[in-house]
Number of protein chains: 2
Amino acid sequence: MPKQTFFNLEPPKRQRVIDRAVEEFARLPFEQASLSKVVEDCGISKGSMYQYFEDKLDLYLYIVDLAYEEKRRFVAQAFATGGDIFTVLEEYYLQSYCFAQEHPLLHQVANKFWDSKAEVLKEHREQGLLSRARDFAQFLNEAMAQGEVNRGLDPEAVFFVYHAVGKDLIDHFDQGRNGQFLKKVLDVLRLGLTTRREEM
Amino acid sequence: MPKQTFFNLEPPKRQRVIDRAVEEFARLPFEQASLSKVVEDCGISKGSMYQYFEDKLDLYLYIVDLAYEEKRRFVAQAFATGGDIFTVLEEYYLQSYCFAQEHPLLHQVANKFWDSKAEVLKEHREQGLLSRARDFAQFLNEAMAQGEVNRGLDPEAVFFVYHAVGKDLIDHFDQGRNGQFLKKVLDVLRLGLTTRREEM
DNA sequence: CTCCAATGTGACTACCCAGTCATATGTTAG
DNA sequence: CTAACATATGACTGGGTAGTCACATTGGAG
């Protein structure tokens, strides 16, 4: 958490700090990002930065939080619209795609956070993963109860697959993957590889 | 490529360099790994290291190559045994699992190489990805021709899914995921989420 | 034994980093 | 006007890094 001093700043100055930090953490993962560079680009002194934040990690987590806060505003719509699990999942990834398009830097910040293997971030990552897993489990459970999803599948394995594919999809949003491709990928997950006799 | 001097070394000394470098690159990704630390742990001088290798990248790529060379010795068996595409893929991941168990450090080196976003490694990563994609495309093509795999799916999307899931599976081999879980994950990919009417 | 090429060395350069602290400059209250 | 407090500063500390180079050592050929 930033110190009170940071929130006492006049908004334009505060925003400048945020903007430069976002740029830096979008460019490089936590360990390689340079607080010195952020400070320099902001036109403030090193000492000031340490009046605003406890340390580099404090600044980083604040920026990551901002990114996820904004992202939540997008993906929340997916759960609001309703429909079967496949509709919701497609909408979820479409909204993630919109987020990536509209906030490319925040998108990269979020991606790099997720990829990071840094020990200091381990706890934060695992907490996020657990909370997603819980939400997904409940969601999947309902879909299985409704008969939308094959009851023979292992829910943990399903989450594993969706998480892996979802992460990679989101990772590649800024590399020319469009909404059409997203649909085809979700088709693979929905239908499975084995030919469906019922459809032949 | 290491310089000739490296290959002129007495094997035990050469091996010590390799072993320490493997440890370091298993511990940390390229950018964060410390050549100075490798040198120190080897008990050789910095200058000597630069007699053996052009630079840090040269050493790194040599180590990564060793890791993949060893890994290939495992996964090659999957393609040798034959069977349908699902049998081969399961065997492929089982062999990857064996590799991770028997060579945990090389496994981590390979994983960290794959995860790395470093610009200097971009070309090497992309070349590896392309070559895998080509192999997979041919393999999938045959399976579709044989009717083993749903012809309605987009081959590129199938590769995307398998690559994402496979990467994550392999990433988590050293975190208590066993062969049973692997099978369940592959079931999800094989069958898809939607309930199959033919099996009800 | 001698010479020479191959090999080994580690102090050194030139850089980068996070975080600190004594000092200076507002800013507000009495 | 002054005292007290909040904020700003940047040189500095102590640490790390990759890569270099003048010099030292070694080992074999003649």
Side-chain angles (χ1 to χ4, degrees), chain A residues 1-18 20-64 112-113 116-121, chain B residues 1-18 20-21 23-64 112 116-121:
Chain A
M1 275 277 285
K3 299 181 185 176
Q4 187 54 45
T5 316
F6 180 65
F7 297 110
N8 293 345
L9 250 37
E10 318 94 90
K13 188 171 183 180
R14 191 167 63 215
Q15 195 57 44
R16 217 169 56 234
V17 172
I18 292 175
R20 298 299 132 187
V22 164
E23 280 172 25
E24 182 64 8
F25 291 124
R27 192 174 72 95
L28 292 167
F30 173 70
E31 310 88 333
Q32 285 165 258
S34 161
L35 205 149
S36 300
K37 214 160 270 170
V38 175
V39 159
E40 197 182 338
D41 294 352
C42 284
I44 66 171
S45 69
K46 200 94 172 261
S48 288
M49 193 56 112
Y50 282 87
Q51 301 267 24
Y52 307 150
F53 298 92
E54 290 296 339
D55 51 22
K56 187 182 167 184
L57 183 62
D58 189 29
L59 168 62
Y60 180 67
L61 291 177
Y62 175 67
I63 297 297
V64 169
K112 288 196 165 59
F113 168 73
S116 171
K117 300 280 185 297
E119 203 58 31
V120 277
L121 302 177
Chain B
M1 274 277 286
K3 299 183 186 174
Q4 187 53 46
T5 315
F6 180 66
F7 296 109
N8 294 345
L9 250 36
E10 318 93 271
K13 186 170 182 181
R14 191 168 63 217
Q15 196 57 45
R16 216 170 56 236
V17 172
I18 292 175
R20 299 297 131 188
E23 280 172 25
E24 181 65 8
F25 292 125
R27 193 174 72 91
L28 292 168
F30 173 70
E31 310 88 333
Q32 284 164 259
S34 162
L35 206 149
S36 300
K37 216 160 267 167
V38 174
V39 159
E40 196 182 339
D41 295 351
C42 284
I44 65 171
S45 68
K46 200 86 172 271
S48 287
M49 193 56 111
Y50 281 88
Q51 301 265 21
Y52 307 150
F53 298 92
E54 290 296 337
D55 52 21
K56 186 183 169 184
L57 182 62
D58 189 28
L59 168 61
Y60 180 67
L61 291 177
Y62 176 67
I63 297 297
V64 169
K112 286 195 166 57
S116 171
K117 300 281 186 296
E119 203 58 32
V120 277
L121 302 176

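Here the structure is a predicted model, which is why all the values come from computation and not from measurement. Computed over heavy atoms, backbone and side chain alike; hydrogens, waters and symmetry mates excluded. In what follows, chains are A, B, ... by sequence order, proteins preceding strands, each numbered from 1.
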Legend entry - Heavy-atom pair of closest approach, residues B:Ile44 and B:Lys13: CG2-CE, 3.9 Å

Inset, instruction - Tell me which residues in residues 40-47 of chain A put a heavy atom below 4.0 Å from DNA chain C, sorted by number, or none. - result: A:Lys46, A:Gly47

Inset, instruction - Could you tell me from which nucleotide to which nucleotide of DNA chain D, 5' to 3', there is an atom under 4.0 Å from chain A heavy atoms? - result: D:dT7 to D:dG10

Legend entry - Closest non-hydrogen atom pair, A:Ser45 against A:Val39: C-CG1, 3.7 Å

Inset, instruction - Mind checking A:Lys3 for me? I need base, sugar-phosphate or nothing, with any heavy atom below 4.0 Å counting as a touch. - result: nothing

Legend entry - Within residues 49-61 of chain A: residues closer than 4.0 Å to DNA chain C (heavy atoms): A:Tyr50, A:Asp55, A:Lys56

Inset, instruction - If the plane angle is over 60° it's perpendicular, under 30° parallel, otherwise tilted; pick one for A:Tyr62 and A:Phe6. - result: perpendicular

Legend entry - Donor-acceptor contact present, side-chain A:Asp58 to main-chain A:Met1, <3.5 Å: yes

Inset, instruction - Could you tell me whether A:Arg20 and A:Glu23 make a salt bridge, using a distance below 4.0 angstrom between a side-chain N and a carboxylate O? - result: yes

Inset, instruction - Taking all heavy atoms of A:Ser116 and all of A:Leu121, pick out the closest pair and write down the distance. - result: OG-CD1, 3.3 Å

Legend entry - Contacts of B:Lys117 that satisfy salt bridge (Lys or Arg N to Asp or Glu O under 4.0 Å) - sequence neighbours left out: A:Asp115

Inset, instruction - Would you name the heavy atoms of B:Cys42 and B:Val17 that are closest together and state the gap between them? - result: SG-CA, 3.6 Å

Legend entry - A:Lys56 NZ/CZ over A:Phe30 ring centroid, <6.0 Å and within 45° of normal: yes

Legend entry - Opening and closing nucleotides of DNA chain C in contact with chain A, under 4.0 Å to non-hydrogen atoms: C:dC17 to C:dC21

Inset, instruction - Under 4.0 Å between any heavy atoms, over every strand shown, what does B:Ser48 touch: base, sugar-phosphate, or nothing? Just pick one. - result: base

Inset, instruction - Would you mind listing every salt bridge (Lys or Arg N to Asp or Glu O under 4.0 Å) that reaches into residues 26-41 of chain B, with sequence neighbours excluded? - result: B:Glu24-B:Arg27

Inset, instruction - May I ask you to test the B:Lys3-B:Glu54 pair for a side-chain heavy-atom distance under 4.5 Å? - result: yes

Inset, instruction - Determine the minimum heavy-atom distance between A:Tyr50 and A:Asp55, stating which atoms define it. - result: CE2-CA, 3.9 Å

Legend entry - Distance-minimising heavy-atom pair for A:Lys112 and A:Phe25: CD-O, 3.8 Å

